[in-house]
S.K.: 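Structure below; questions to follow.
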Amino acid sequence: MDGLVTAPISYSLKQAGITQFLLENGSSDLKTLTNKFNANDGYLNVGLRVFCSQGWLTQAVDNSKGEVVFKINDSSKIAFDHFELYKE
């Protein structure tokens, strides 16, 4: 997962503005991100979970509300600032 999946997802979510949105807001639920960026919730969820597996985001699931919330952490900005390197 560490290259073939991570690189294109990282660059794509940066280009779409999703990583910047998360940095500016600190967190967001999947539904808000899906609506704001006109994204497919399944694909976006997988992409953001890749970030969680890399340690770049933290995921919280609230089953009572049916919400998935993604939160930035100490590694988020450092990682997101380097996503432009994945362009090639």
S.K.: I need the minimum non-hydrogen distance between Lys14 and Phe80, along with the two atoms involved.
M.R.: NZ-O, 3.8 Å
S.K.: Return the minimal non-hydrogen interatomic distance between Ser28 and Phe21, and the atom names on each side.
M.R.: OG-CE2, 3.7 Å
S.K.: Before you tell me yes or no, could you show the steps for Asp29 and Thr32 under side chain to side chain donor-acceptor pair (under 3.5 Å), namely the whole-Å CA-CA distance, both residues' side-chain angles and the distance that decides it to 0.1 Å?
M.R.: CA-CA 6 Å; Asp29 63 276; Thr32 298; 2.7 Å; yes
S.K.: For residues Trp56 and Ser10, report the shortest heavy-atom separation together with the two atoms involved.
M.R.: CZ3-OG, 3.7 Å
S.K.: List for me each residue that meets side chain to side chain donor-acceptor pair (under 3.5 Å) alongside Gln20, sequence neighbours excluded, and say none if there are none.
M.R.: Glu24
S.K.: Can you name the nearest heavy-atom pair linking Thr58 to Cys52, along with the distance?
M.R.: C-SG, 4.0 Å
S.K.: For residues 33-45, pull every pair meeting side-chain hydrogen bond (donor to acceptor under 3.5 Å, both in side chains), keeping only residues two or more places apart or in separate chains.
M.R.: none
S.K.: Same hydrophobic cluster for Val46 and Val68, using side-chain heavy-atom links shorter than 4.5 Å among ILVMFWY?
M.R.: no
S.K.: Quick one, Leu48 with Gln59, criterion side chain to side chain contact (heavy atoms under 4.5 Å, CB included). Give me CA distance, side-chain angles, the key distance, then yes/no.
M.R.: CA-CA 9 Å; Leu48 294 171; Gln59 178 185 4; over 6 Å; no
S.K.: Under 4.5 Å between side-chain heavy atoms, counting indirect links through other Ile/Leu/Val/Met/Phe/Trp/Tyr residues: same cluster for Ile9 and Tyr11 or not?
M.R.: yes
S.K.: When clusters are formed by joining ILVMFWY residues with side-chain heavy atoms under 4.5 Å apart, either directly or through shared neighbours, do Val69 and Val50 land in the same one?
M.R.: no
S.K.: Determine, stepwise, if the pair Leu13 / Phe51 fulfils side chain to side chain contact (heavy atoms under 4.5 Å, CB included).
M.R.: CA-CA 10 Å; Leu13 295 186; Phe51 289 179; 3.8 Å; yes
S.K.: For a quick test of reading the model, state the closest non-hydrogen atom pair linking Leu57 to Ser76 and the distance between them.
M.R.: CD2-OG, 4.0 Å
S.K.: Supply the atom-to-atom distance Thr19 OG1 to Phe83 CZ, rounded to the nearest 0.5 angstrom.
M.R.: 6.5 Å
S.K.: Which residue pairs pass the salt bridge (Lys or Arg N to Asp or Glu O under 4.0 Å) test with at least one member in residues 51-77, sequence neighbours excluded?
M.R.: Lys77-Asp81
S.K.: Check for me, please, whether Ile18 and Val5 land in the same ILVMFWY cluster - side-chain distances under 4.5 Å, paths through other members count.
M.R.: yes
S.K.: Please report the closest heavy-atom contact between Gly55 and Ser75, naming both atoms and the distance.
M.R.: O-CB, 3.5 Å
